[in-house]
Amino acid sequence: MWQQIMAIIWAQARTMRNHLPRTNAGAVLLWLLSLLWYGVFAAIGAVLAIFLPRVSIAVIQHWLPAGLLGVFAFWQLIPLFTLSSGWSVQLNKLQIYPVSNSALFGIEVLLRFTTAPEMILVLAGALIGLVRHSDVSIYGFFLLLYLPLNLFLSLGIRNLLLHSFERNRFRELFAILLISIGVLPQCLLRTGLGHRMMPYVLAASQGRGTPWREVAALSSGSFSALDLALILVWTFACFLFAKWQFEKSLVQDEQFAPDT
């Protein structure tokens, strides 16, 4: 398995390197802008790591679900209207390797970290801050449960969109959806709608049974077997969705077929 994974990583790295622009003024500017962009989120993570231990546990338990809801929305929605799905395994480049479908699926899941690396920086800062909090301590590591859920769901949504865009009758619908998602943040920020929607967003973040609320409760020191069971059910459901969509992509690809 690990030999297969290393072979895939080598082939994928060579493929990506061949597609990267050579060093020029535009490429340097792009790297600088990227550094600035990710630096902002790294700074947010650093602020969380430093100041969360000083915040009362009541404030954390009130606002952490809303923060995790924001992370979820950014991770799953922002790539839709930026048309950025991160790195992905190029199956047609790897057909010479005797790689199992399960290995390809595992690598695709790991590559979903590249879909929203900004949220990895934010979650890392929040994790450090929670672990350093005297009222939370080791419970803060439950925040890691949020990663597989978002990874599986991101992969499932990506493959679903790829399949849907192959059908002409769905392209217009998804174009309208993407435009709506792109316009919505501007409406919320530039009009009074955002202020009026805030109570509803907070209520949604506190909804019993939602993954962000359950992870927030666990990672802020309010351990409950029911909360743990609920987040595991959510994660398993996202895993099944991602696995289903991934296997559909293998079936539809002319060079691959599902395991027999």
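Side-chain atoms of Ser222 never come within 3.5 Å of backbone atoms of Leu218 as a donor-acceptor pair (strictly under, hydrogens ignored). Ser154 places no side-chain N or O within 3.5 Å of a backbone atom of Leu151 that could act as its donor or acceptor partner. Using a distance-only test at 3.5 Å, with no hydrogens or angles considered, no donor-acceptor pair links the side chain of Trp75 to the main chain of Ile120.
The aromatic rings of Phe239 and Phe152 sit perpendicular to each other, their planes meeting at more than 60°, with 30° as the lower class boundary.
Shown here for Gly221 and Val136, the closest heavy-atom pair between the two residues is N-CG1, 4.4 Å. Here the closest non-hydrogen pair linking His62 and Gln206 is O-NE2, 2.9 Å. Scanning all heavy atoms of the two residues, the minimum distance from Met119 to Phe74 falls at CG-CD2, 3.6 Å. The shortest non-hydrogen separation linking Ala126 to Leu143 is CB-CD2, 3.9 Å. The two atoms that bring Ile60 and Ser220 nearest to each other are CG2-CB, 4.3 Å, heavy atoms only. The shortest non-hydrogen separation linking Ser205 to Pro65 is O-CB, 3.2 Å.
With hydrophobic clusters built from ILVMFWY side chains whose heavy atoms lie under 4.5 angstrom apart, Phe236 shares a cluster with Phe246. Under the 4.5 Å side-chain heavy-atom criterion for grouping Ile, Leu, Val, Met, Phe, Trp and Tyr, Leu145 is not connected to Ile128 through any hydrophobic cluster. Cluster membership for Leu230 and Leu69, using ILVMFWY side-chain heavy atoms within less than 4.5 angstrom, is not shared. In the hydrophobic clustering of ILVMFWY residues, with side-chain heavy atoms under 4.5 Å counting as a link, Leu232 and Val215 come out together. Val59 and Phe51 fall into different hydrophobic clusters, defined by Ile, Leu, Val, Met, Phe, Trp and Tyr side-chain heavy atoms under 4.5 Å apart, directly or through other members.
At a cut-off of 3.5 Å, with distance as the only test, no side-chain donor of Arg213 or Thr210 sits close to an acceptor on the other residue.
Not counting sequence neighbours, Phe141 has no partner by the ring pair (Phe, Tyr, Trp, His ring centres under 6.0 Å) test. Contacts of Tyr139 classified as ring pair (Phe, Tyr, Trp, His ring centres under 6.0 Å), with partners at least two apart in sequence or in another chain: none. Scanning for side chain to side chain donor-acceptor pair (under 3.5 Å) contacts around Gln76 gives Asn150, with sequence neighbours left out.
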Query - Pair Leu226-Arg208, side chain to side chain contact (heavy atoms under 4.5 Å, CB included): steps then yes or no - result: CA-CA 11 Å; Leu226 178 60; Arg208 182 70 178 180; 3.1 Å; yes
Query raised in the report: Would Leu127 and Val131 satisfy side chain to side chain contact (heavy atoms under 4.5 Å, CB included), going step by step from the backbone distance to the final call?
Result: CA-CA 6 Å; Leu127 174 62; Val131 172; 3.9 Å; yes
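The distance from the CD atom of Glu108 to the CG atom of Leu155 is 5.5 Å, given to the nearest 0.5 Å. In this structure, the separation between CD on Glu247 and OG on Ser102 is 10.0 Å, given to the nearest 0.5 Å. Between Ile44 atom CD1 and Leu121 atom CG the span is 9.5 Å, to the nearest 0.5 Å.
For residues 209-233, every residue pair satisfying the ring pair (Phe, Tyr, Trp, His ring centres under 6.0 Å) rule, not counting sequence neighbours, is listed here: Phe72-Trp212, Phe142-Phe223. Among pairs with a residue in residues 128-137, none fulfils side chain to side chain donor-acceptor pair (under 3.5 Å), at least two apart in sequence or across chains. The side chain to side chain donor-acceptor pair (under 3.5 Å) contacts involving residues 35-48 comprise Trp37-Glu118, where partners must be two or more places apart or lie in separate chains.
The closest side-chain heavy-atom distance from Ser219 to Leu64 is below 4.5 Å.
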